[in-house]
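First the structure, in the form of structure tokens, and then the observations on it.
First the proteins, then the strands, lettered A, B, ... as listed; each starts at 1.
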Amino acid sequence: MRVLHCLLMVLLLCGPVAAQNMDVERSSTGGAQTLEDIMARQAGQKIDDSFRSGALGNPTQAKDIADQLGTLGGVSQSELWRAIRYNASDNSASGSGVVGNVMIQSGGMPWYEFREGPLRQYGGGLLLVTLMLLGVFYIARGRIRIDGGPAGSTITRFKAVERFGHWVLAGSFILLGITGLLTLFGRVILAPYFGKELNSTLLIASKWIHNNVSWAFMLALIMVFVMWVAHNIPNRTDWIWIKQGGGIFTKSHPPAKKFNFGQKIIFWGVIVLGASVSASGLSLTFPFEMPMFAKTFAILNNIGLPEALGFGTLATEMSPQEEMQFAQAWHAIVAFVMMAMIMAHIYIGTLGMEGAYDAMGSGEVDEEWARQHHSLWYEEVKAKQTNSQPAE
Amino acid sequence: MKAMFLGFFAVFAIAYAAYFGLTEVADFSSGAKYSGQAVRME
């Protein structure tokens, strides 16, 4: 009996849901959206918009010239604009080719709302949470010291060219990150408190810096990849390091070569995300000339990944404007993830670990630091030094 | 230390080189692509 009750409740609750899927009464509204359609669209629900895309009028049904109110044509203004929206009209624009031909694109508003809402909230939230977690970690763990104090003698960890490449990458990344954040948040954080003039000046400067410094970032990314890829291939030593949690909490010193597994995560993260942010950035710098998302979505559909994750098939045809919108959204998302990663990287390389900064500052690290944190690398370097000494 | 300052200097040097390269030399600033070449009278 209870089972029957439950079944009845479920069926009753299904009623209203079913009504949305069944044909809605549209005899009085035709191709126009009803309030329910608009509310559903704003709530992010998927709606069947065939009542709009199918209501495009019919020129062959125009009234005869002799009829009352004939001939006003068989296509109303609304039907004409619906045809333009759904790419079913044979109009063309007088300039700008394919780009100019798109007079209405439905993807614009959702993108705008994403940029104003979730992108700012979740992106900014990610950075604040990362900062907070680093603070908690510092309070809990403190600065990771060299056990027993530094030895006083040093060995060379990074040559000048390695440090140069790193600092070009780091310097450009800082500038790009700050100018990027200003571009996204200036309107809501700066303008209300410092005025629109200051915001405008800062953002004009930000755009110049961002667009031109990006080339330095891309060059440095290639340089860093070439210099260090060989040292960042994962191997068995990394598994030992992982099992000991890097010694971060256990205060142990797992063996490591030139780069430990944590550093390898940073390396590959920067290379892969950096390449992705560069690609979308190039697409944004040269508008409408480098569309990448339609092709990417087609490849993903072929693999079957979107369907496996429940997204259905992704759009493989999109207007130039939709491509630009995806490029901007992706660029910002990847940038936020990179900034969070790099905040942790900056922390451990400065405040978080005694002796770490010297590696990139002067290139010379304390021998005891090297023995404790990169024991295998230290052995290799010392062995090379002994071998290169002339026999006596 | 020197490598760091040289690195920061290189960031600006590359930025300026890119700016002048793309605007003065390669003429990306004129917007030639969209300045009316595709006008069709219908």
Can the ring centres of Trp369(A) and His374(A) be said to be less than 6.0 Å apart? yes
If we ignore hydrogens and angles and just use 3.5 Å, is the side chain of Glu364(A) paired with the main-chain N or O of Thr154(A) as donor and acceptor? no
Less than 4.5 Å to any heavy atom of chain A: does that hold for the side chain of Phe12(B), its backbone, both, or neither? side chain
Heavy-atom distances under 4.5 Å only: say whether Ile174(A) touches chain B with side chain, backbone, both or neither. neither
Within the distance-only criterion (no hydrogens, no angle test), does the side chain of Arg163(A) pair as donor or acceptor with the backbone N or O of Met4(B) below 3.5 angstrom? no
Heavy-atom pair with the smallest gap, counting every atom of Leu175(A) and Thr179(A): O-OG1, 2.7 Å
Side chain to side chain contact (heavy atoms under 4.5 Å, CB included) between Trp377(A) and Arg157(A), intermediate numbers included: CA-CA 9 Å; Trp377(A) 168 76; Arg157(A) 181 149 166 79; 3.6 Å; yes
Can you confirm whether Phe326(A) sits close enough to Met318(A) that some side-chain heavy atom of one is under 4.5 Å from a side-chain heavy atom of the other? yes
Any carboxylate oxygen within less than 4.0 angstrom of a Lys/Arg side-chain nitrogen, looking at Glu162(A) and Lys258(A)? yes
Test your reading of the model: is there a side-chain donor-acceptor pair from Gln105(A) to the backbone of Ser319(A), 3.5 Å cut-off? no
Start with the C-alpha gap between Leu181(A) and Leu127(A), add the side-chain angles, then the distance that decides, and say whether side chain to side chain contact (heavy atoms under 4.5 Å, CB included) holds. CA-CA 11 Å; Leu181(A) 286 170; Leu127(A) 296 186; 4.0 Å; yes
Checking an interface table here. Which of residues 208-222 of chain A come within a heavy-atom distance under 4.5 Å of chain B? Trp208(A), Asn212(A), Val213(A), Trp215(A), Ala216(A), Leu219(A)
Report, in residue-number order, which members of residues 266-280 of chain A are under 4.5 Å from chain B by heavy-atom distance. none
If we count only N and O atoms by modelled type, under 3.5 Å, do the side chains of Trp111(A) and Glu322(A) hold a donor and an acceptor together? no
